[in-house]
Amino acid sequence: MHFSDAIDAIAKSVPDDFSSLSEVLSPELIDTCLEEAGVATLRKRRLPLDMVVWAVVGMALFRHIPMGQIVNHLDIMLPGKRPFVAPSAVVQARQRLGVEPVKRVFEQTQALWHQQTPHPHWSGLTLLGVDGVVWRTPDSPENQAAFARTRNAQGEASYPQIRMVCQMELTSHLLTGSAFDSVASSEMELTTQLIGSTPDHSLTLFDRGFYSLGLLHAWQSAGEQRHWLIPLKKGTQYQEERSLGRQDRLVTLSTSPQARKKWPALPPTMTARLLRRKVNGKEVQILTSMTDPLRFPAADIVDLYSHRWEIELGYREMKQSLLGNRLTLRSRTPEMVFQELWGTLLAYNLIRFQMARMAYSLDAVHPNQLSFHQAAHWLIKELTILPWVSPGRVPGVVQSMLDMAPSFVLPERRERSYPRSVRRRPQKYPTKKNASQR
């Protein structure tokens, strides 16, 4: 039984509430994505393109194993004269596959997985978070030409880098969308690509670095009840319209001519809600599009912003637990870098969806309350042995995954504070004190 067949067997063995998962990870879905991307082929190879998709996912699941060994390890190649496949054949197969099919598989699966996961809501809104992260690529001539490097006071970064912006459902850590390009691209430019994938009846939490009235207006205007919440940027000019309660105001924000030129649909003014609250002796100001005080109580809105940290934890899970702190990607050409990143996001969502199933099999436990590090290692081990498990034993293996869920529940989070500190700028020359000591 091939690795993809084993995944499909898991899907067919899940409870009734998740019965349509077989359609999500079925070979038919991958074949459809290949046809839509225009890379489907009638020629039978030892590495068919649908199996290469799983090889790309395996690059993230088994980060410490060379690519050629992953193909042999997952048993995803067709039988032939030799029991193994040459590394050069894997590279050629990835080049034939390209980027678009893996991206389409990610988009199709995330949409269907979110439909099959009972996310908790706040006032009828799904909680989402948006934030950025930077990946580094191998220092090959192709990557050097395609990707920029960040700079700081000490000089230029050693590796070409990719800037990525992701949107995440905060209770399950399931990704809903992503956009990435060279690190020379700004997070604001990449975030505009996520407007179309944002679901209706949702609340998206932004960091203050994403403050742009053009972006926020486009975000809430693209669908029904697409709200946003963001800290008030220092120096923002506004005019108070009326009071909605203590430390709760309805305000008018004036847009600039430059912003209206960039965003033609942006009006001269925007109405928003401004809430103030003291947290640990420091005043916090939150700006939001949720202007209805009856439906959205002020007491809860400020506390919601702390949940934005969940997407930071998701990035840590990807880089530290899933990729084993191997921070440099494998691929040495830009196209393969993009393909590898889409495969990494797909692998992360695959594990996170299985964790969601495990969490919802328990009482009053959300997926973000399970240890990703422990659950990922367990799930990857179980998925690895499935190709050698007889079909009759697959339901038992799946049930064992659900039975292990209580052992992955984390203790309650402690209330800890880590205030930002400004690092001391290094001196070009030693100080007098250091010189005397020397």
Side-chain angles (χ1 to χ4, degrees), residues 47 52-71 73-74 76 87-107 110 131-151 156-168 175 177-187 190 193 311-352 372-373 376 380:
L47 277 175
V52 180
V53 173
W54 287 110
V56 174
V57 174
M59 291 176 65
L61 295 177
F62 307 99
R63 187 67 175 84
H64 59 289
I65 301 178
M67 194 64 191
Q69 294 183 20
I70 289 176
V71 174
H73 188 61
L74 295 182
I76 59 177
S88 59
V90 180
V91 175
Q92 295 171 7
R94 289 186 59 199
Q95 291 173 346
R96 291 197 309 272
L97 177 65
V99 180
E100 190 63 24
V102 187
K103 178 182 177 181
R104 287 177 180 267
V105 172
F106 168 80
E107 293 172 345
Q110 70 84 14
D131 205 357
V133 68
V134 173
W135 301 83
R136 69 187 190 192
T137 71
D139 193 9
S140 65
E142 295 86 350
N143 289 341
Q144 288 184 34
F147 306 132
R149 305 167 189 250
T150 56
R151 297 185 62 89
E156 196 174 53
S158 302
Y159 296 86
Q161 295 172 317
I162 296 286
R163 189 182 305 281
M164 172 187 286
V165 172
C166 288
Q167 185 182 61
M168 174 184 287
L175 299 173
S178 180
F180 44 86
D181 206 340
S182 170
V183 75
S185 303
S186 70
E187 290 184 342
L190 296 173
Q193 301 179 34
I311 192 170
E312 301 279 3
L313 298 179
Y315 286 141
R316 186 183 69 178
E317 292 165 355
M318 275 187 266
K319 287 192 170 185
Q320 295 185 7
S321 298
L322 184 61
L323 301 185
N325 281 321
R326 293 169 175 86
L327 303 181
T328 304
L329 301 174
R330 302 189 190 208
S331 306
R332 303 186 64 83
T333 62
E335 184 181 22
M336 295 301 97
V337 166
F338 290 157
Q339 182 194 80
E340 181 180 351
L341 284 175
W342 284 118
T344 300
L345 299 179
L346 179 56
Y348 178 76
N349 262 9
L350 173 63
I351 293 176
R352 267 295 169 187
F372 180 86
H373 184 77
I380 290 174

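Values reported hereafter were calculated over all heavy atoms of this structure, with side chains retained and with hydrogens, waters and symmetry mates removed.
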### Heavy-atom closest pair, residues Thr333 and Asn143
C-OD1, 3.3 Å

### Message
To the nearest 0.5 Å, what is the distance between CG on Leu323 and OH on Tyr348?
### Response
11.5 Å

### Message
Testing the basics here: between Ala179 and Gln193, what is the closest heavy-atom pair and its distance to 0.1 Å?
### Response
CB-OE1, 3.5 Å

### Task
Could you grab the distance from atom OG of Ser185 to atom CE of Met164, nearest 0.5 Å is fine?
12.5 Å

#### Entry: Contacts of Ala148 that satisfy side-chain contact (heavy atoms from CB on, under 4.5 Å) - sequence neighbours left out
Ser182, Val183, Ala184

### Donor-acceptor pair, side chain of Asn349 and main chain of Gln110, under 3.5 angstrom
no

### Query
In Å and rounded to the nearest 0.5 Å, what is the CG to CD1 distance from Asp131 to Ile311?
5.5 Å

### Query
If you take all heavy atoms of Pro160 and Phe147, which pair is closest and at what distance?
CB-CB, 3.8 Å

### Message
Measuring only between side-chain heavy atoms, which start at C-beta, is Val102 closer than 4.5 Å to Phe338?
### Response
no

### Message
Checking Arg94 now: which residues fulfil salt bridge (charged side-chain N to carboxylate O under 4.0 Å, His left out) with it, not counting sequence neighbours?
### Response
none

### Message
Holding to salt bridge (charged side-chain N to carboxylate O under 4.0 Å, His left out), I want the full list of residues that pass it with Glu340, two or more places apart in sequence or in another chain.
### Response
none

### Message
Are Trp135 and Val337 packed together at the side-chain level, in the sense that at least one heavy-atom pair is separated by less than 4.5 angstrom?
### Response
no

### Task
Would you mind listing every salt bridge (Lys or Arg N to Asp or Glu O under 4.0 Å) that reaches into residues 135-149, with sequence neighbours excluded?
Asp139-Arg149

### Query
Below 4.5 Å, heavy atoms only, C-beta onward: do Thr137 and Ser331 meet side chain to side chain?
no

### Query
What is the distance from atom NZ of Lys103 to atom CG of Leu345, rounded to the nearest 0.5 Å?
11.5 Å

### Query
Partners of Ser321 by side chain to side chain donor-acceptor pair (under 3.5 Å), sequence neighbours excluded?
His373

### All ring pair (Phe, Tyr, Trp, His ring centres under 6.0 Å) counterparts of Trp342, not counting sequence neighbours
Phe106, Phe180

### Query
How far does CD of Gln320 sit from CG of Leu327, to the nearest 0.5 angstrom?
8.0 Å

### Task
Quick one: list whatever passes side-chain contact (heavy atoms from CB on, under 4.5 Å) with Arg326, sequence neighbours left out.
Arg63, His64

### Query
Glu187: what forms a salt bridge (charged side-chain N to carboxylate O under 4.0 Å, His left out) with it, not counting sequence neighbours?
none

### Message
Quick check: do Val133 and Cys166 have side-chain heavy atoms less than 4.5 Å from each other?
### Response
no

### Task
Using side-chain contact (heavy atoms from CB on, under 4.5 Å) as the criterion, list what pairs up with Glu335, not counting sequence neighbours.
Val99

### Heavy-atom closest contact (Pro138 atom, Arg332 atom, distance)
CB-NH1, 3.9 Å

### Query
At what distance, to the nearest 0.5 angstrom, does CG of Leu97 lie from CD of Gln92?
14.0 Å

### Message
Quick one, Glu317 and Ile351 - any side-chain contact, counting heavy atoms below 4.5 Å?
### Response
no

### With sequence neighbours excluded, residues passing side chain to side chain donor-acceptor pair (under 3.5 Å) with Thr150
Gln161

